[in-house]
Protein chains: 2
Amino acid sequence: MVERTGFRDVKAEILRRIRDKTWPPGALMPNETDLAAELSCARATVNRAMRELAEQGVLDRKRKAGTRVAAAPVRRAELKIPLIRAEVEGEGAAYSYELIHRKPCPVPEFLSPYGVTGEVLSIACLHLSDGQPYQLEDRYISLTSAPAAAAQDFTVLSPNEWLIAEIPFTAVEVSFTAQAASDTEAAHLNQPPGSPIFVAERATWADGRFITFVRLSHPGAYRMTTSY
Amino acid sequence: MVERTGFRDVKAEILRRIRDKTWPPGALMPNETDLAAELSCARATVNRAMRELAEQGVLDRKRKAGTRVAAAPVRRAELKIPLIRAEVEGEGAAYSYELIHRKPCPVPEFLSPYGVTGEVLSIACLHLSDGQPYQLEDRYISLTSAPAAAAQDFTVLSPNEWLIAEIPFTAVEVSFTAQAASDTEAAHLNQPPGSPIFVAERATWADGRFITFVRLSHPGAYRMTTSY
DNA sequence: AAGTGGTCTAGACCACGTC
DNA sequence: ACGTGGTCTAGACCACTTG
């Protein structure tokens, strides 16, 4: 035996049997011990294979009940959200940054659902790719949770990069929508007013304390892609 | 010692040390053997903790070079893509379905990048939530790869659900954009023409053979959310 | 050449949840 | 009660990559 059975082999074999309907959707599969014996490898190897397939949504596992082929596989798309700078430079373009405004203000009402109190720092800025508007950033940073932000002028370093370097966060909530460009948005992004805008909104917490909320607008042509 | 050190404990400890700057971004961490000794657990336990943090984008690992705290953590949002039916019913609304058209046709030119040959089945249909248009589906199924589709009329069962049950797929590519509603789109979705539309496009393969391409349009108010 | 992560093994104990 | 997955251990060998 030149090659041992690795967990990748086990995953491939399981997927093969699902595809050829040896194990149709909903079917009960053999337990780890039996499958390990059949494929002549250790149970830990089968465990890792099955665990990863379960994480991926292909299998459903329950103690004592056993492992089944997922009946309605909830497909998961994993979106990578890199730094804007890295994203732009990754496309071979030159990245640049412009601060639009920066001022402390009371908590805007739309942030109240997030349980924010005290003052926030409101920042608007623009990220450009080869001099063309790429992403408009409208951000609010809690001065209660991140008082150090008050000392930053953000003329050179974008709030995005500053936050990542300074404030380690533990929880994030993201949502995506399509919206019509407001007049100011359209002007900054160099698009006709009312044109479709791809919007990502992100709220961030550290240890349960609200840190920042950001609204990122891209011209509609922006494409977010993933594969699996 | 009542409690053993589990891989969750190790992950938590690592994250703690990143947060309190014991290991700042870019820093070289101890190797698995040393960390295992310090935390008094097996190397495999540390390995699993570090491996999962690396998958998550928190750490960068390279053989021989060691493990470092990711300098620019590529944040990953995992989007769950459930069946439309499940999504609608999960919101407590009544799901319904309408077939708009269904006809075989030659491969449209925009599918040529995907290497599609032969005939495809073109299907348009509408998914409704409590009777209101929720998602417009414009789909093309390869009759070469999935000839069984020709026998389906799709008047009751949506192509989505039929495909999931019948054709196990192995590779998927998804992308999201914001677009302006075309006139027909606007009419079906009951939105003003030109209004922002949230579009998901998905191409699917099984064993390297192209199966289907689908364009899913939601009214702009649609919100796709995730957290981590 | 040598150090680091990547993986496998064989065995063990435990927690959960179904029967 | 008991079967199944969940996890840990201790040891081993290997592959990759850097110095």
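Numbers restart at 1 for each chain; the letters A, B, ... are given by sequence-line order, proteins then strands.
In this structure, the ring of B:Y114 has its center less than 6.0 angstrom from the ring center of B:F213. The ring of B:Y95 has its center no closer than 6.0 angstrom to the ring center of B:Y134. You'll find the ring centres of B:H127 and B:Y97 inside the 6.0 Å limit.
Checked options B:N31, B:V10, B:I14, B:V58; the residue passing with B:M50 is B:I14 (criterion: side chain to side chain contact (heavy atoms under 4.5 Å, CB included)).
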Where do A:R85 and A:E91 land on the salt bridge (charged side-chain N to carboxylate O under 4.0 Å, His left out) test, with the steps shown first? CA-CA 10 Å; A:R85 175 194 294 278; A:E91 290 165 0; over 6 Å; no
Please report the C-alpha distance between A:D153 and A:T155 in whole Å, then the side-chain angles of each, then the deciding distance to 0.1 Å, and finally whether the side-chain hydrogen bond (donor to acceptor under 3.5 Å, both in side chains) criterion is met. CA-CA 5 Å; A:D153 64 11; A:T155 49; 3.1 Å; yes
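When each of A:K64 and A:G6 is assigned the nucleotide of DNA chain C with its nearest heavy atom, A:G6 is the one assigned upstream, toward the 5' end. Nearest-nucleotide assignment on DNA chain D puts the 5′-proximal partner with A:T67, out of A:A44 and A:T67.
Applying the 6.0 Å contact sphere to NZ of A:K21 captures more than 12 heavy atoms from other residues, nucleotides or ligands.
For the contact set between residues 46-63 of chain B and DNA chain D, defined by any heavy atom under 4.0 Å, the members are B:R48, B:K62, B:R63. Of the residues in residues 27-35 of chain A, those lying under 4.0 Å from DNA chain D by heavy-atom distance are A:N31, A:E32.
Note that B:R48 lies in the cation-pi zone of B:F7, set by a 6.0 Å cut-off to the ring centre and a 45° limit from the axis.
Between the side chain of A:S129 and the backbone N or O of A:Q132, no donor-acceptor pair lies under 3.5 Å. Between the side chain of B:S145 and the backbone N or O of B:F210, at least one donor-acceptor pair lies under 3.5 Å.
Along DNA chain C, the stretch of nucleotides lying under 4.0 Å from any heavy atom of chain B spans, 5' to 3', C:dA2 to C:dT7.
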